[in-house]
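Written out below as structure tokens is the structure these notes cover.
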Amino acid sequence: MGGRDGAAAKAAILTEALPYIARWQDRIVVVKYGGNALAGAGAGAGAGEAAQRAALVTFASDVVLMRSVGMRPVVVHGGGPQIGALLARLGMETAFVGGLRVTDAETLDVVRMVLLGQVNPDLVGAINVHGPLAIGLSGADSRLLTTRCADPALGFVGDVESVNPTVLHRLLEQRLIPVVATIGADETGQPHNVNADTAAAAVAEALQASKLIYLTDVEGLRRDVNDPASLVSTLDADELGELLSTGAVTAGMIPKVTGCLRAVRGGVGQAHILDGRVPHALLLEIFTDEGVGTMITLA
């Protein structure tokens, strides 16, 4: 009976997912996979690199499943903890202003090394275990992200001035999965370090995606940052703006919340903030009735 009961439970899950699969067929979904989701997985499991690798494998399989049922995922990633770790190993000091890493020329070299030489290939490789599906690129490729200097005091940190989604559309038409590292370039070709939360929102808006999903190391948004019971499951843009103004959103969550607001006000159907440490958080949010985390809509 145990085997039959288990099969019945799996059938019930598939039945629950079916209308969502039909709903999101051929829809573009931008997923921002943060370095904090990986780092948090390792810390939480107490197994370091092994736990981080397991989290990466799970995430990759979820993205492949999304693609297999007809969705069109685009992955945008950062790598803050990994960049910080390498800077520390190299004995290089790092500073933050308003949540943005001060990036001089030497730091920019490290940022590019980590994002383009470590995190991006790791993501692409994990996805491509399932077939020749993923293509890695940076915001500087095909002028995907044109940037401008955010603030001279920050060094080579860029704000997104414009997004050219042509290369992403071409890859999606071929049913490939773009994996974008958030290095942009200005009109002169000067590379910039771009906040990945901000970049993901700009990409989602340019693609007019149906969803923008932030995977991070918190379970969602709380009305009271110190009270887990105040977790909010759904908000509209006005409510989110009010929550932002109360000071309930702090530190690294501010770019995510601002990105959600930009996205839904710019034509993206829904924005989500999910705990990337939860196995299969993507699938639970998209394909189940209850979902996880916080969902933001326009109204």
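Numbering starts at 1 and runs along the sequence shown.
Side chain of Ser245 to backbone of Glu242: a donor-acceptor contact under 3.5 angstrom is found. Of the possible polar contacts, none joining the Ser142 side chain to the Leu144 backbone as a donor-acceptor pair under 3.5 Å is found. A donor-acceptor pair is defined here as one N or O able to donate and one able to accept, closer than 3.5 Å; no such pair exists between the side chain of Gln270 and the backbone of Thr297. Proximity of a side-chain donor or acceptor of Gln208 to a complementary backbone N or O of Gly266 within less than 3.5 Å is detected.
Here salt bridge (charged side-chain N to carboxylate O under 4.0 Å, His left out) pairs that include residues 182-197, with residues two or more places apart or in two chains, are Lys32-Asp197, Arg143-Glu187, Asp197-Lys256. Within the structure, the salt bridge (charged side-chain N to carboxylate O under 4.0 Å, His left out) test picks out the following pairs touching residues 156-172 (sequence neighbours left out): Arg148-Glu161. Within the structure, salt bridge (charged side-chain N to carboxylate O under 4.0 Å, His left out) pairs that include any residue of residues 226-238 comprise Asp238-Arg265 (at least two apart or interchain).
Closest of all the heavy-atom pairs between Cys149 and Gly155 is SG-O, 3.8 Å. For the pair Ser138 and Leu116, the tightest heavy-atom approach, listed with the atom from each and the gap, is CB-CD2, 3.6 Å. In terms of heavy-atom proximity, Pro73 sits nearest to Pro178 at O-CD, 3.6 Å. Across all non-hydrogen atoms, the minimal contact from Thr182 to Val76 is CG2-CG1, 3.5 Å. When all heavy atoms are compared, the tightest approach of Leu215 to Tyr33 is CD1-CD1, 3.7 Å. Taking every heavy atom of both residues into account, Pro165 and Ala206 meet most closely at CG-O, 4.1 Å.
A 4.5 Å side-chain heavy-atom check between Met253 and Val218 finds at least one atom pair inside the cut-off. Looking at heavy atoms from C-beta onward, Leu243 lies in side-chain contact with Thr246 at the 4.5 angstrom threshold. Annotation: side chain of Asp217 is in contact with side chain of Arg277 (closest heavy-atom distance under 4.5 Å). At a threshold of 4.5 Å between non-hydrogen side-chain atoms, the residues Leu108 and Phe156 count as touching. When side chains are defined from C-beta on, Leu282 counts as touching Val63, because their heavy atoms get closer than 4.5 Å. The side-chain heavy atoms of Leu240 and Leu221, taken from C-beta on, include a pair separated by under 4.5 Å. Under the 4.5 Å side-chain criterion, counting only non-hydrogen atoms from C-beta, Ile127 is in contact with Val179. For the pair Leu274/Thr216, no side-chain contact is recorded, criterion being any heavy-atom separation below 4.5 Å from C-beta on.
Taking CZ from Arg262 and CD from Glu205, the interatomic distance works out to 4.5 Å, rounded to the nearest 0.5 Å. Note that NE2 of His280 and OG of Ser61 are 5.5 Å apart. Values are rounded to the nearest 0.5 Å. Between atom CG of residue Leu176 and atom CG of residue Asn128 there is a gap of 9.0 Å, rounded to the nearest 0.5 Å. We find the CG-CD1 distance between Asp141 and Ile183 to be 11.0 Å, quoted to the nearest 0.5 Å. We find the CD1-OG1 distance between Ile254 and Thr198 to be 11.5 Å, quoted to the nearest 0.5 Å. With values rounded to the nearest 0.5 angstrom, Glu285 atom CD is found 8.5 Å from Thr294 atom OG1.
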Inset, instruction - Could you go through the side chain to side chain contact (heavy atoms under 4.5 Å, CB included) check for Val194 and Thr147 one step at a time? - result: CA-CA 8 Å; Val194 182; Thr147 55; 3.7 Å; yes
Inset, instruction - Step by step, work out the side chain to side chain contact (heavy atoms under 4.5 Å, CB included) result for Val157 and His192. - result: CA-CA 5 Å; Val157 173; His192 282 139; over 6 Å; no
Inset, instruction - Could you check Ile21 against Ile286 for side chain to side chain contact (heavy atoms under 4.5 Å, CB included), going step by step and ending with a plain yes or no? - result: CA-CA 9 Å; Ile21 292 173; Ile286 296 172; over 6 Å; no
Inset, instruction - Could you check Arg53 against Leu56 for side chain to side chain contact (heavy atoms under 4.5 Å, CB included), going step by step and ending with a plain yes or no? - result: CA-CA 5 Å; Arg53 181 63 191 174; Leu56 178 60; 3.3 Å; yes
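The number of heavy atoms from other shown groups lying within 6.0 Å of CD (Glu106) does not exceed 12.
Clustering of Ile, Leu, Val, Met, Phe, Trp and Tyr by side-chain heavy atoms under 4.5 Å joins Met295 with none of the others.
Tracing side-chain contacts under 4.5 Å through hydrophobic residues (I, L, V, M, F, W, Y), one reaches Leu168 starting from Ile28; they form part of the same cluster. The cluster map of Ile, Leu, Val, Met, Phe, Trp and Tyr, joined by side-chain heavy atoms under 4.5 Å apart, puts Leu115 and Tyr214 in different clusters. Following chains of ILVMFWY side-chain contacts shorter than 4.5 Å, one cannot reach Val292 starting from Val232, and the two form parts of different hydrophobic clusters. Two different hydrophobic clusters hold Ile273 and Val278 under the rule that ILVMFWY side chains link at heavy-atom gaps under 4.5 Å. Side-chain heavy atoms closer than 4.5 Å link hydrophobic residues (I, L, V, M, F, W, Y) into clusters, and following such links, even through other members, never connects Val110 to Val102.
Taking the charged nitrogens against the carboxylate oxygens, Asp224 and Arg222 have no contact shorter than 4.0 Å, which rules out a salt bridge.
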Show me the side-chain donor-acceptor pairs of residues 85-98 shorter than 3.5 Å, one per line, residues at least two apart or across chains.
from, atom 1, to, atom 2, distance (Å)
Thr94, OG1, Arg101, NH1, 3.0

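Taking the salt bridge (charged side-chain N to carboxylate O under 4.0 Å, His left out) definition, one finds that Arg67 meets it with nothing, sequence neighbours left out.
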